[in-house]
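Have a look at the structure below, then the notes.
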Amino acid sequence: MLIITALFFPDVAITKATSGSKFLDIFIEIKTLFSDSIAKLGLIIMVIAGFSRYMNDIGASQKLVEICITPLKRINAKYVLLGTCYILMQILALFISSPSGLALLMLTTLYPVLRSIGCSKAAVASVIASGICIDYGPSASGSVLISEITGYDLFSFFLDKQIPIVVILFVVIGVSHMVMQAYWDKKEGDHHKQQQEDQQAMTSASHIPGYYALLPVVPMIILFTFSSLMEEYFPASLRFKVDVVSAIILSFFIAFILDSLRTFDLKKSTDKVLGLFDQMGQSFITVVSILLCAQVLVAGIIKIGFIDTLFSFIPSEEHYAVLMVVLFSLLIFFGSVIMGTATVFNAFAPLSAEVAHGAGISVFKMLVPLHFSASLGRSFSPISGVILAVSGFIGVTPFEIIKRNSVQLALAYVLMMVLSISLL
């Protein structure tokens, strides 16, 4: 697109400070986009991914899950427990943002509990596989991206724009799980004898101190404490501003010191840090690289005037703006179904923001439902990592999971669109 701009639109400036050569300006603009994205958004995503990996490697994530599921063992109504477990998983997603990672933790801790009270294998698989069907919170890469595009404080965006919607969605999906899992068990015959192979051994985190469960929560505590919501409660001398990366690095430092003091083995504690950097590299490959390429594409599309031309044909009435949001959300949804990943949103978010500006739509009204659509689409995909992991572990087909979750997720999608359009 940038090459087309240079060849056919010579009057259009490709970069702010031209080098004197249209050809060289193409690569200068790409360099500028790369440096801006990696230094800001890319760094945030990589640090969040690395911290999540470190929490898993030191056992803090396992301890958090173990403590959270303890009260659930007292619930004897199996379908109520299934719905409650879904809501618990979505809450845990604030601190364990990887759908596959959280699902595997739940499979080794929660699965035996659910099976022991009579829940069918397919019902358990369906609930765990849908455990993060709504990506949200400061640790979600999509949330970080929206915050960066809009210039809105990340934690304030989470509280103001996401919480009012996701709280309703979680309750509706949880109750829907109770009804639909009971329906499918009755229809298919709940023949789930407690076979020996189903008694999976729980991965015990008993050797991990209880306070480790707080470590994944520390970044949220820091961000909340020093957010604009709390500054009125502090004297002027204590009103600090802390960004996401700084909060996570501080949290990592605290966790590293505590782990080193507990183990009295500096080498062993240092070896765990390697996983943090390894995960940062992996997230650069799988997430940040897509964002970089998408931003170069968007820059080219804007330079050739595609956005302006497109919206010269679109009427300005409100219902056309709503239609635009719905169409883009469906595009993201089906893209996620086909690709099995919610990173489709990351690729289209910059372009969608420009479309929203051109159509006179609130950027939040466009991007928030697109973000949720991507994660809902992933939960509908038979090739998504979380569904393949759960189906392989429990021994049911991906299509069995999708069939049991289709009503809940379809209801969530419609409700999410209504809430997003009406509240944002």
Would a distance-only check, ignoring hydrogens and angles, find a side-chain to backbone donor-acceptor pair under 3.5 Å from [X] to [Y]?
X	Y	result
Ser147	Tyr152	yes
Lys63	Gly210	no
Ser260	Ser269	no

I want to check something: taking the side chain as every heavy atom from C-beta on, are [X] and [Y] in contact at a cut-off of under 4.5 Å?
X	Y	value
Tyr183	Val407	no
Ser130	Val386	no
Ser373	Met416	yes
Met178	Leu82	no
Ile173	Cys133	yes
Gln181	Lys78	no
Phe345	Ser375	no
Lys268	Asp259	no

Minimum heavy-atom separation for [X] to [Y], with atom names?
X	Y	value
Met366	Ala356	CB-CB, 3.8 Å
Val218	Ser251	CG1-OG, 3.3 Å
Gly377	Val337	O-CG2, 3.3 Å

(request) Establish, yes or no, whether a centroid distance under 6.0 Å links the rings of Tyr54 and Phe256. (result)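 Aromatic pair excluded; centres sit 6.0 Å or further apart.
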
Can you tell me how far apart [atom1] ([X]) and [atom2] ([Y]) are? Round to the nearest 0.5 Å.
X	Y	atom1	atom2	result
Leu250	Ile254	CG	CD1	4.0 Å
Ile332	Leu370	CD1	CG	4.5 Å
Ile249	Ile222	CD1	CD1	11.0 Å
Leu415	Ser176	CG	OG	9.5 Å

(message) Is the positively charged end of Arg262 above the ring of Tyr211, judged by distance under 6.0 angstrom from the centroid and angle within 45° of the axis?
(response)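 Cation-pi check for Arg262 and Tyr211: fails.
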
Name the orientation class of the two ring planes belonging to [X] and [Y] (parallel below 30°, tilted from 30 to 60°, perpendicular beyond 60°).
X	Y	answer
Phe170	Tyr86	perpendicular
Phe158	Tyr136	tilted
Phe157	Phe364	parallel

(request) Please step through side-chain contact (heavy atoms from CB on, under 4.5 Å) for the pair Arg404 and Ile401, ending with a clear verdict. (result) CA-CA 5 Å; Arg404 281 177 166 259; Ile401 293 175; over 6 Å; no

(request) List the steps and the verdict of side-chain contact (heavy atoms from CB on, under 4.5 Å) for Arg378 and Asp135. (result) CA-CA 10 Å; Arg378 178 188 61 212; Asp135 284 344; 3.0 Å; yes

(request) Show the numbers, then the answer: is there a side-chain contact (heavy atoms from CB on, under 4.5 Å) between Met417 and Val325? (result) CA-CA 9 Å; Met417 291 301 303; Val325 174; 4.0 Å; yes

(request) Go through the steps to decide whether His177 and Asn405 satisfy the test side-chain contact (heavy atoms from CB on, under 4.5 Å), and finish with yes or no. (result) CA-CA 8 Å; His177 267 306; Asn405 287 341; 3.1 Å; yes

(request) Check each of Val166, Val171, Val172, Ile165 against Ile168 using the side-chain contact (heavy atoms from CB on, under 4.5 Å) test, and report the only one that passes. (result)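 Result for side-chain contact (heavy atoms from CB on, under 4.5 Å) with Ile168: Val172.
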
(request) List the steps and the verdict of side-chain hydrogen bond (donor to acceptor under 3.5 Å, both in side chains) for Gln162 and Ser143. (result) CA-CA 9 Å; Gln162 291 185 325; Ser143 300; 3.0 Å; yes

